[in-house]
Q: 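Just dropping this structure here.
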Amino acid sequence: MSIETEALRFRILGPLSMTVHGREAAPTAAKQRQVLCLLLMNVGRRVTTTALTSELWPNEVPRTAKTALQTYISALRRLFAKELGLPAETVAASLLTTDAGSYTLHLPASCWDGAEFQALLEQGESAAARGDYGEAETTLARALSMCQGDILEDVLKGPQLRPLARFLDEARLHGEEILVDTFLRTGKKNQAVCRATTLADRNPYHEGLHAQLMRSLYAAGRRNDALKAYRELDARLADELGTVPSPETRTLHHALLQDAPDAAFLRLAPVSGG
């Protein structure tokens, strides 16, 4: 039986949200939320009981784990049935199914923001790669505006959810780098500096973002500030992590010291304006 799910929406790009006809309906129990999120981030694919168990009890699996997991699944089915006005058996047969020691959440990609987010990032990156910077900026800005905080910031994350959340966060940061580059290529140097500064402050060890800050500052005619940004990164990595900047970042620094970096290395196209 087909289930109409147009009214059902999930958001994971920030706090977890589940709405039905615009009304918030997310479960409140911590482990039930973990189960929902792991199923949602694998929507349309089987999630084994082993994966769910290791997510919920990463250190020591209790003897009651199997029963507890079944209880969480049943609670989610009851929630879906109540909110969608469906019989519980319909939900179990078509929406949240069981098969050979695994569970699958059957939803179209349009029901959750993670799918749209990734699709927009890919579109934006493709537009930038072919030189359509206007389309890239619009699409990337739309994708990044969907992020309302850390991925699943109010959900406990075990060994299954953590890498999934990290993947989306790395995709977000990569999108931010491309957006800053797009600003630079279209002469929006002040916007590039503002965005790169905020990103570097929020991600003190992310070399790619700090390199973008250095490029942005240099492009805006602030060479001394770009060199200062490198010195601060170098000191932070040494003092707090015991490491040094990557060869790519050191090469960028050397180019800035010489005050003669080439446009290709700075990832800048000839632009007008400032």
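All values derive from a computational prediction rather than experimental measurement.
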Q: Using the rule that two of Ile, Leu, Val, Met, Phe, Trp, Tyr join whenever any of their side-chain heavy atoms come within less than 4.5 Å, decide whether Val244 and Met214 are in one cluster.
A: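 Hydrophobic grouping puts Val244 apart from Met214.
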Q: Out of curiosity, does Leu233 fall in the hydrophobic cluster containing Leu173 (side-chain heavy atoms, cut-off under 4.5 Å, transitive links)?
A: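 Shared cluster, no.
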Q: Does Phe167 CZ have over 12 foreign heavy atoms under 6.0 Å away?
A: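 No, the 6.0 Å shell around CZ holds no more than 12 heavy atoms from other groups.
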Q: Can you tell me if Gln212 uses its side chain to pair, donor with acceptor, with the backbone of Glu177 under 3.5 Å?
A: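 Checked: pair present.
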Q: In Å and rounded to the nearest 0.5 Å, what is the CG to NE2 distance from Leu252 to His210?
A: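 These two atoms lie 13.0 Å from each other.
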Q: Just by modelled atom types, is the Pro245 backbone N or O under 3.5 Å from a matching donor or acceptor in the Arg250 side chain?
A: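 Confirmed, Arg250 side chain pairs with Pro245 backbone.
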Q: So, Arg33 and Asp154, do they make that salt bridge, N to O below 4.0 Å?
A: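 Asp154 and Arg33: salt-bridged.
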Q: Can you measure from CG (Leu96) to CD1 (Ile73) and round to the nearest 0.5 angstrom?
A: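 Interatomic distance, Leu96 CG to Ile73 CD1, rounded to 0.5 Å: 5.0 Å.
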Q: So, for Arg236 and Pro204, which heavy atoms are closest and what is the spacing to 0.1 Å?
A: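 Scanning both residues completely, I find the closest heavy atoms to be NH1-O, 3.0 Å.
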Q: Is Asp225 salt-bridged to Lys228, cutoff N-O under 4.0 Å?
A: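 No, no charged N to carboxylate O under 4.0 Å.
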Q: Contact between Leu69 and Tyr103 at the side-chain level, heavy atoms closer than 4.5 Å - yes or no?
A: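 When only atoms from C-beta onward are counted, Tyr103 and Leu69 do touch, with a gap below 4.5 Å.
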Q: What's the shortest heavy-atom distance between Val193 and Ser216, and which atoms?
A: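 Taking Val193 first and Ser216 second, the nearest heavy atoms are CG2-O, 3.5 Å.
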Q: Closest heavy-atom contact between Tyr218 and Ala226?
A: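 Heavy atoms only, the tightest pair is N-CB, 4.1 Å.
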Q: Do Lys66 and Thr49 come close enough that some side-chain heavy atom pair is under 4.5 Å?
A: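 No. Closest side-chain heavy atoms not under 4.5 Å.
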Q: Using the side chain to side chain donor-acceptor pair (under 3.5 Å) rule, take Thr139 and Gln123 through it: C-alpha gap first, then chi angles, then the decisive distance, then the call.
A: CA-CA 7 Å; Thr139 306; Gln123 292 171 26; 5.0 Å; no
Q: What heavy-atom pair brings Leu213 and Ala200 nearest, and what distance separates the two atoms?
A: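 Scanning both residues, the minimum pair turns out to be CD2-CB, 3.9 Å.
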Q: Which residues pass the salt bridge (charged side-chain N to carboxylate O under 4.0 Å, His left out) test with Arg195, not counting sequence neighbours?
A: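 Checked Arg195 against salt bridge (charged side-chain N to carboxylate O under 4.0 Å, His left out); matches are Glu176.
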Q: Taking the side chain as C-beta and beyond, is there a heavy-atom pair between Met18 and Leu8 under 4.5 Å?
A: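 Yes, at least one pair of side-chain atoms sits under 4.5 Å.
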Q: Is any side-chain heavy atom of Phe117 less than 4.5 Å from a side-chain heavy atom of Leu13?
A: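 Side chain of Phe117 against side chain of Leu13, heavy atoms only: contact under 4.5 Å found.
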Q: Measure the CG-CD distance between Asp132 and Glu137 for me, rounded to the nearest 0.5 Å.
A: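 One finds 11.0 Å between CG of Asp132 and CD of Glu137.
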Q: Between atom CG of Leu16 and atom CG of Leu36, what is the distance when rounded to the nearest 0.5 Å?
A: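 Separation between the atoms: 6.0 Å.
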Q: Would a single hydrophobic cluster contain both Tyr205 and Val180, if residues Ile, Leu, Val, Met, Phe, Trp and Tyr are joined by side-chain heavy-atom contacts under 4.5 Å?
A: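 Val180 and Tyr205: separate clusters.
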Q: With Thr98 as reference, evaluate Arg77, Gln70, Arg46 under the side chain to side chain donor-acceptor pair (under 3.5 Å) test and give the passing residue.
A: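 Only match with Thr98 under side chain to side chain donor-acceptor pair (under 3.5 Å): Arg77.
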Q: Answer yes or no: is there a donor N or O on one side and an acceptor on the other, between the side chain of Thr64 and the main chain of Thr67, under 3.5 Å?
A: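 Not at all, since once roles are kept as given, no pair shorter than 3.5 Å links the two residues.
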Q: Just grab all the salt bridge (Lys or Arg N to Asp or Glu O under 4.0 Å) pairs involving residues 11-29, residues at least two apart or on different chains.
A: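 Passing the test, one end in residues 11-29: Arg23-Glu83.
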Q: Measure across Ile12 and Asp113 and return the closest heavy-atom pair with its distance rounded to 0.1 Å.
A: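 Closest pair (atom of Ile12, atom of Asp113, distance): N-OD1, 3.0 Å.
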Q: Under 4.5 Å between side-chain heavy atoms, counting indirect links through other Ile/Leu/Val/Met/Phe/Trp/Tyr residues: same cluster for Leu76 and Leu156 or not?
A: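 No; Leu156 is not reachable from Leu76 via cluster members.
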Q: Would Leu105 and Val35 show up in the same hydrophobic cluster when neighbours are defined by side-chain heavy atoms closer than 4.5 Å?
A: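 Yes, it is one cluster - the side chains of Leu105 and Val35 are joined through contacts under 4.5 Å.
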Q: As a quick check of understanding, evaluate side-chain contact (heavy atoms from CB on, under 4.5 Å) for Met146 and Arg172, giving each step before the final call.
A: CA-CA 10 Å; Met146 296 174 67; Arg172 176 181 65 84; over 6 Å; no
Q: Would you say the side-chain atoms of Asp234 pair up with the backbone N or O of Tyr230, donor to acceptor, closer than 3.5 Å?
A: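 No, because the side chain of Asp234 does not come within donor-acceptor range (under 3.5 Å) of the backbone of Tyr230.
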Q: Going through the distances and angles, do Leu256 and Arg215 end up as a side-chain contact (heavy atoms from CB on, under 4.5 Å)?
A: CA-CA 9 Å; Leu256 297 179; Arg215 293 183 176 102; over 6 Å; no
Q: Do the ring planes of Phe10 and Phe80 sit parallel (below 30°), tilted (30 to 60°) or perpendicular (above 60°)?
A: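 Because their plane-to-plane angle is over 60°, the rings of Phe10 and Phe80 count as perpendicular.
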Q: Flag the pair Leu56 / Tyr72 as yes when at least one side-chain heavy-atom distance between them is below 4.5 Å, and no otherwise.
A: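 A side-chain contact exists here, since the closest heavy-atom pair is under 4.5 Å.
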Q: Could you give the distance from CG (Leu38) to OG (Ser54), rounded to the nearest 0.5 Å?
A: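 Result: 8.0 Å between the selected atoms.
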Q: Does this structure show an ion pair linking Arg142 with Glu116, if we count only N-O contacts that are shorter than 4.0 Å?
A: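 Between Glu116 and Arg142 there is a salt bridge, with a charged N closer than 4.0 Å to a carboxylate O.
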Q: Say whether, by atom type as modelled, one donor and one acceptor occur between the side chain of Glu55 and the main chain of Gln160 under 3.5 angstrom.
A: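 Confirmed, Glu55 side chain pairs with Gln160 backbone.
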Q: Could you tell me whether a side-chain N or O of Lys157 sits under 3.5 Å from a main-chain N or O of Leu152, the two making a donor and an acceptor?
A: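 Pair found, side chain donor or acceptor close to backbone of Leu152.
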Q: Verify, without hydrogens or angle tests, whether Thr186 (side chain) and Phe183 (backbone) share a donor-acceptor contact under 3.5 angstrom.
A: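 A pair under 3.5 Å: yes.
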Q: Measure from the side-chain N and O atoms of Thr138 to the backbone N and O of Glu135, and report whether any donor-acceptor pair falls under 3.5 Å.
A: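 No; zero donor-acceptor contacts below 3.5 Å.
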Q: Grab the two heavy atoms, one from Ala136 and one from Ala128, that are nearest each other, plus how far apart they are.
A: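 Heavy atoms only, the tightest pair is CB-N, 3.6 Å.
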Q: For Arg130, does the CZ atom have more than 12 heavy-atom neighbours from other residues, nucleotides or ligands under 6.0 Å away?
A: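 Correct, the count exceeds 12.
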Q: With salt bridge (charged side-chain N to carboxylate O under 4.0 Å, His left out) as the criterion, how do Asp169 and Arg166 come out once you've worked through the C-alpha distance, each side chain's angles and the decisive distance to 0.1 Å?
A: CA-CA 5 Å; Asp169 194 51; Arg166 190 180 307 119; over 6 Å; no
Q: Are the side chains of Arg223 and Leu227 in touch, meaning some heavy atoms are under 4.5 Å apart?
A: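 Yes, their side chains come closer than 4.5 Å.
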Q: Give, for atom CD of Glu122 and atom CG of Leu120, the distance between the pair rounded to the nearest 0.5 Å.
A: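 Nearest 0.5 Å value for the CD-CG distance: 9.5 Å.
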Q: Is there a side-chain contact between Leu107 and Leu95 in this structure, where contact means two heavy atoms from C-beta onward sitting under 4.5 Å apart?
A: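 Side chain of Leu107 against side chain of Leu95, heavy atoms only: contact under 4.5 Å found.
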Q: Should Ile151 and Leu164 count as side-chain neighbours, where that means a heavy-atom distance under 4.5 Å?
A: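 Counting from C-beta outward, Ile151 and Leu164 never come under 4.5 Å.
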